[in-house]
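Every chain is numbered from 1, with letters handed out A, B, ... down the list of sequences.
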2 protein chains.
Amino acid sequence: MFQGEQPVVANQARVAQCGKPPVMPKLTPETQHARRERILDAAERSFARAGFHRCTMQEICREAGISPGALYVYFSSKEELIAGIVERDRNKLASELAELKNAPDLLSALAKLGEHYTIEEPLYKRVLCIEIGCEATRNPAVGEIYRSVDTFCRQNFAQVFERAREDGKIEPQDDSRTLAEVVSLIGDGLFWRRAVNPDLDVQAILPIIVRLVSTLLNPVEPSVQPASKAAKTEAAV
Amino acid sequence: MFQGEQPVVANQARVAQCGKPPVMPKLTPETQHARRERILDAAERSFARAGFHRCTMQEICREAGISPGALYVYFSSKEELIAGIVERDRNKLASELAELKNAPDLLSALAKLGEHYTIEEPLYKRVLCIEIGCEATRNPAVGEIYRSVDTFCRQNFAQVFERAREDGKIEPQDDSRTLAEVVSLIGDGLFWRRAVNPDLDVQAILPIIVRLVSTLLNPVEPSVQPASKAAKTEAAV
DNA sequence: TGAAACAAAACGAATGTCCGTTTTGTTTGT
DNA sequence: ACAAACAAAACGGACATTCGTTTTGTTTCA
């Protein structure tokens, strides 16, 4: 994914093929899209505050400064609004992770991402991530979006590792996809801890996390630049 | 905590000081407790299926095979039922983690715990864990229970690490509480990944996880038994 | 002892509220 | 001018909780 309006993960299962297609035309597409975004923003804040299922449509309308009638022009159900939130959020994550491929230094790029998502990102967004994952375990539409992005991200990680393997930076017996899964696990763990315990001192933890990940990534002598065909050192682990 | 009926974490914030205490029948305390447990079991299954907020009291009653009236004898609100579930579940986790102190081999004990919670434990319990964490971010009563247990667990980990430090098994510059946080992070990450992606191949991942944790724990020459006063090796990192 | 009297416990239909959605007019943009 | 966009109010269904009644079990008393 490069910048642009296409989502990273194809819109298979285009959100909710509800009987009645929302009536759509007549406002210029840009303002149309802008209003959808505006509503999504309001919904995001509201959902983060109360959770998907304790948040009322009225509350979202209030937050967005519009009436229910207006809202239903853009989203034909609460369900669809939820799916819209999830889709937008996940696609953003996916495109950010996809950037990793271009990073000159994977490790510091990862650290930076971790820092971004756990420190700079406002609290309500972090809480929403958790809510989304939770919803994905029960709501089929959400689950499908969630898992498709998740799969994409892991494949992406795996490709990065595969490339690292070619540079001899990886223990040969380690499977790339398994490593990708481990990195995802650590990332998700970081999210989760941060959401659940807002006092978490991320700054203290990150260096250790980075050190851990680096043991997966750099069995090769450091400071020696990619001598292409892996020169394994004797010092095991 | 040793075996017994006391919860690991004290019941500060005794669940829901709601205006009206449940009517509490004149049943012998044992059967009273037994029925509460029975209801909690049913609620646990129901909540896991639908989530706390989409699950109706009727559904729980159906699952428990009792009437709404009967349920309200034992729990005076849905809120209290939720808190009851959370309290029971978290205390069980806490007492299991507390066992780690007695484990002869920390690493394999951790691996075993991980395996237990991600493979043997039935799916619905795993999903419930996620739901609980999520609820903890918004519901104050639940949050209090969750965080008190969480704190307890991390302190426990930290103590274990502190002991390991005395045996020279830890990098001196690593703070025990930070290490404890990292281990919690990995554990929670494992939960989360497993709940969100039921296809996760835990068996493939665990060895790598164990290897990672072991790098925190064994910078000292392996096979050399605890020579009590840490003999630091030169090989930094 | 045995059945009448009482109490505890459970039942389940009824209640009132809340909330997603629809309907009905009015306004606005093109 | 006309349909799209909107606001406001109202609808209808669902849900947590209540409460009058029934069932079950235990005590009382003759």
Checklist entry - side-chain contact (heavy atoms from CB on, under 4.5 Å) with B/Glu181: which of A/Val202, A/Leu200, A/Ile208? => result A/Leu200

Item to check | Gap between atoms CD and C1', on A/Glu80 and C/dT21 respectively (whole Å) | outcome: 14 Å

Item to check | B/Phe52 and B/Phe47 aromatic ring geometry - parallel, tilted or perpendicular at 30°/60° bounds | outcome: perpendicular

Item to check | Residue pair B/Asn156 / B/Lys101: nearest heavy atoms and the distance that separates them | outcome: OD1-CE, 3.0 Å

Item to check | Distance in angstrom units between A/Glu59 CD and C/dT21 C1', rounded | outcome: 17 Å

Checklist entry - Are B/Arg126 and B/Ile130 close enough that some pair of their side-chain heavy atoms sits under 4.5 Å apart? => result no

Checklist entry - Ion pair present between A/Arg88 and A/Asp41, side-chain N to carboxylate O less than 4.0 angstrom? => result yes

Checklist entry - Can you tell which of C/dT22, D/dA10, C/dA10 lies closest to the side chain of A/Gln58? => result D/dA10

Next on the checklist: Output the rounded distance in Å from CZ (A/Arg38) to C1' (D/dC6).
Outcome noted: 13 Å

Checklist entry - Rounded to the Å, how far apart are B/His53 NE2 and C/dG20 C1'? => result 17 Å

Checklist entry - With sugar-phosphate meaning primed atoms plus P, OP1 and OP2, does A/Cys55 contact a base, only sugar-phosphate, or nothing at under 4.0 Å between heavy atoms? => result sugar-phosphate

Checklist entry - When the C1' atoms of the five terminal pairs at each end define the local axes, what inter-axis angle does the helix from C/dT1-D/dA30 to C/dT30-D/dA1 show, to 10 degrees? => result 10°

Item to check | B/Ile66 side chain, from C-beta outward: closest of D/dA5, C/dC11, D/dA7 | outcome: C/dC11

Checklist entry - Roughly, in whole Å, what's the span from CZ in B/Phe75 to C1' in C/dA10? => result 16 Å

Checklist entry - Which of these nucleotides, D/dC6, C/dA9, C/dT21, is closest to any side-chain atom of A/Arg35? => result D/dC6

Checklist entry - Can B/Ser46 and B/Glu59 be counted as having a side-chain donor-acceptor contact under 3.5 angstrom? => result no

Item to check | A/Ser67 side-chain proximity, nearest of D/dT17, D/dA5, D/dA7 | outcome: D/dA7

Checklist entry - Within a strict 4.5 Å, meaning less than it, do heavy atoms of the B/Pro207 and B/Gln203 side chains meet? => result no

Next on the checklist: Nearest to the side chain of B/Tyr72, heavy atoms from C-beta on, is which of D/dA16, D/dA7, D/dA5?
Outcome noted: D/dA16

Checklist outcome for this item: B/Tyr74 OH to D/dT17 P, in whole Å, measures 18 Å

Checklist outcome for this item: A/Lys78 NZ to C/dT21 P, in whole Å, measures 8 Å

Checklist outcome for this item: Rounded to whole Å, CE of A/Met57 lies from P of D/dA8 at a distance of 17 Å

